[in-house]
Amino acid sequence: MINRGRGDIRRLAAASAISGAGDWAASTALALAVYAKTGSAVWLSVSFLLTQVPSALVAPLSGIMADRLDRRRIMIACDLLGAVTYAGMAVTSAPLPLITLGSLAALLHSPFGPSSRAAVPNLAGAADLSWANGTLNAANNVGQLAGPALGGVLYATVGAGPAFWVNAAFTPAKALSLGG
């Protein structure tokens, strides 16, 4: 057990809130952009289906990866690859490529969750485990709450592309917090 202290958990929580808000903002901007371009609830449904379901489908594989590979490297790779896909979304305007890249981003990010949850006991230690889990859950909730509002505001004021750029910039926040 490494037990590096509360500072690591605080950094990971802050980065998770920021990155999570960016992910939710991008997801909201994607939905708004697809609907604005197509005017179709079917396309909107397809965008939700193909950006949310892939993570569930690969969850068993993500768990195996978290158990057998270096968790820190998995988390860093997930975030950096996610940043690349969001940058690709920022320069794409057609609905199908946007949805495809959103689905790819979801697939690439899937191993992050199981890896980060499995790493918590090593970062926090037994005495701080409840505090660490609560802190990380609260941070994730902040991202889920703030993200859709941020995505809606960005989309309404500057469009979907800038919302994707913002997420591409914030997604590596977690990776950077894990570097030290």
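Along the sequence shown, residues carry numbers from 1.
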Next item on the list: Determine the minimum heavy-atom distance between Met89 and Phe164, stating which atoms define it.
Entry: O-CD1, 3.4 Å
Checklist line | Distance, nearest 0.5 Å, that separates CG of Leu61 from CG of Leu107 | finding: 10.0 Å
Check: Going through the distances and angles, do Asp23 and Tyr86 end up as a side chain to side chain contact (heavy atoms under 4.5 Å, CB included)?
Finding: CA-CA 9 Å; Asp23 288 345; Tyr86 286 115; 3.7 Å; yes
Item checked: Polar side-chain atom of Ser16 near backbone of Leu12 as donor-acceptor pair, under 3.5 Å -> yes
Next item on the list: Indicate the atoms forming the closest heavy-atom contact of Ala139 with Ala13, along with that distance.
Entry: CB-O, 3.1 Å
Margin query: Just verifying a value: how many Å separate Ile74 CD1 and Ser115 OG, rounded to the nearest 0.5 Å?
Written below: 3.5 Å
Check: Can you find a pair of side-chain heavy atoms, one from Lys37 and one from Ser93, that are under 4.5 Å apart?
Finding: yes
Check: Linking Ile, Leu, Val, Met, Phe, Trp and Tyr through side-chain heavy atoms less than 4.5 Å apart, which residues share a cluster with Leu32?
Finding: Tyr155
Notebook entry, point to check: Closest approach of Val34 and Thr38, non-hydrogen atoms and distance?
Noted result: O-OG1, 2.7 Å
Next item on the list: Ignoring hydrogens and angles, state whether a donor on the side chain of Thr51 or Ser103 is under 3.5 Å from an acceptor on the partner side chain.
Entry: no
Item checked: Which atom of Val120 lies closest to which atom of Asn133, heavy atoms considered -> CG1-OD1, 3.5 Å
Note to self: Donor-acceptor check, side chain of Asp70 to backbone of Arg73, threshold 3.5 angstrom: yes or no?
What the structure shows: yes
Note to self: Can you tell me how far apart CG (Leu44) and CG (Leu49) are? Round to the nearest 0.5 Å.
What the structure shows: 11.5 Å
Next item on the list: Measure the spacing between CG of Leu123 and CD1 of Ile9 and express it to the nearest 0.5 Å.
Entry: 4.5 Å
